[in-house]
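Here the structure is laid out as structure tokens; the discussion comes afterwards.
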Amino acid sequence: MSELHAVVRTPIRVSPAAHRAEASPAARWRGGHRRAAGRTAIVTSILTMTAGWLFAILVAPHLSLSPGWRMVALFCHLTCLVVGFGAVLTVDWISLRWLLRRESLGNVLTAARGVHLLIWLGLVGLLVSGAALGPDTSSGLVWVKLLAVLAVGVNGLFLGRVRDRLTAVNGPPPWAALLAGVVAATVSQVGWWTATLIGFWSANS
């Protein structure tokens, strides 16, 4: 019995290295993926995304919805905007707090992993519901919006690769990766705001 009490009372010691590894983001998830995406996977993803984007644009003029279904498509469009853009704003806000030294880089990467799926669901939903609404492809502003959506998608793949690099780093992250992350986040904000403002303008013109 005394031996049992001794085992219970003995504190479990954790080495500082193990504590740091537990406190830092696990390298296994790598920004939402088990392995960092290689160049071939990135190129394939970009080509697949561009093909889907072109398909939506080509199909859009041939879609004709009743007023009821058009309202459903518009509701889905706005919902996807809230979900996707809201998730992006969340990550960028935490990133801004990290730049102000009020959050750790690990928190930024964890937040990015948590909303990764929401961002892509919002972006794909915007593309599909936007095609169902039948955009006027003869308008230059509409093409700017469509190109902004494509740029956001491609930039998201690049940002995921940057996140993979930052997650795999042990110790201080390299400035090159941090700068790439800041540039990608800026492109993301410009693309989302451009698509949102043009969509608002088109709906009220």
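FYI, the numbering just counts along the sequence from 1. Please read these numbers as outputs of a predicted model, since none were measured by experiment.
- If you chain together hydrophobic residues whose side chains sit under 4.5 Å apart, Phe200 and Trp192 never meet in one group.
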Full working for side-chain contact (heavy atoms from CB on, under 4.5 Å) between Val144 and Ile198 = CA-CA 8 Å; Val144 173; Ile198 292 179; 3.5 Å; yes
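- Between atom CZ of residue Arg97 and atom OG of residue Ser104 there is a gap of 10.5 Å, rounded to the nearest 0.5 Å.
- Residues Leu58 and Phe55 have side chains not in contact (no heavy-atom distance under 4.5 Å, counting atoms from C-beta outward).
- Atom CG of Leu47 and atom CD1 of Ile42 lie 11.5 Å apart (nearest 0.5 Å).
- Connection of Val72 to Leu74 is not established within any shared hydrophobic cluster, with ILVMFWY side chains joined at heavy-atom distances below 4.5 Å, either directly or through further cluster members.
- In this structure, Ser188 contributes its side chain and Ala184 its backbone to no donor-acceptor pair below 3.5 Å.
- For the pair Leu127 and Leu123, the minimum side-chain heavy-atom distance is 4.5 Å or more.
- Between Pro135 and Ala60, the closest heavy-atom pair is CD-CB, 3.7 Å.
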Assess whether side-chain contact (heavy atoms from CB on, under 4.5 Å) is satisfied between Thr44 and Thr40, documenting all intermediate values.
-> CA-CA 6 Å; Thr44 302; Thr40 302; 4.2 Å; yes
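- Between Leu78 atom CG and Leu126 atom CG the span is 9.0 Å, to the nearest 0.5 Å.
- Cluster membership for Val187 and Ile46, using ILVMFWY side-chain heavy atoms within less than 4.5 angstrom, is not shared.
- Aromatic ring pairs are classed by plane angle as parallel below 30°, tilted from 30° to 60° and perpendicular above 60°; the pair Trp53 and Trp143 is perpendicular.
- When side chains are defined from C-beta on, Val190 counts as touching Thr194, because their heavy atoms get closer than 4.5 Å.
- Linking ILVMFWY side-chain heavy atoms closer than 4.5 Å, directly or via other members, places Val83 and Val152 in two distinct hydrophobic clusters.
- Residues Trp98 and Asn107 fail the side-chain proximity criterion, which asks for heavy atoms closer than 4.5 Å.
- A pairwise comparison of heavy atoms in Val88 and Gln189 identifies CG1-NE2, 3.7 Å as the closest pair.
- A pairwise comparison of heavy atoms in Ile119 and Ala87 identifies CG1-CB, 3.5 Å as the closest pair.
- Counting only heavy atoms from C-beta outward, the side chains of Phe158 and Val162 approach each other to under 4.5 Å.
- Nearest heavy atoms, Ala132 versus Leu63: CA-CD1, 3.8 Å.
- Interatomic distance, Leu105 CG to Leu166 CG, rounded to the nearest 0.5 Å: 5.5 Å.
- Nearest heavy-atom pair, His77 versus Ser129, reported as atom, atom and distance to 0.1 Å: ND1-OG, 2.8 Å.
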Should Leu141 and Asp136 be marked as a side-chain contact (heavy atoms from CB on, under 4.5 Å) after you check the CA-CA gap, both sets of side-chain angles, and the distance that decides it?
-> CA-CA 9 Å; Leu141 278 179; Asp136 182 13; over 6 Å; no
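- In this structure, the separation between OG on Ser64 and CZ on Arg70 is 9.5 Å, given to the nearest 0.5 Å.
- With contacts defined as side-chain heavy-atom distances shorter than 4.5 Å, the pair Asp92/Leu96 does not qualify.
- No continuous path of ILVMFWY side-chain contacts below 4.5 Å connects Leu81 to Leu118, so the two sit in separate hydrophobic clusters.
- In summary, of the residues considered (Val91, Leu109, Val108), a side chain to side chain contact (heavy atoms under 4.5 Å, CB included) with Arg163 occurs for Leu109 alone.
- Between Leu197 and Lys145, the closest side-chain pair of non-hydrogen atoms is not below 4.5 Å.
- Pro174 approaches Arg165 most closely through the heavy-atom pair CG-NH2, 4.4 Å.
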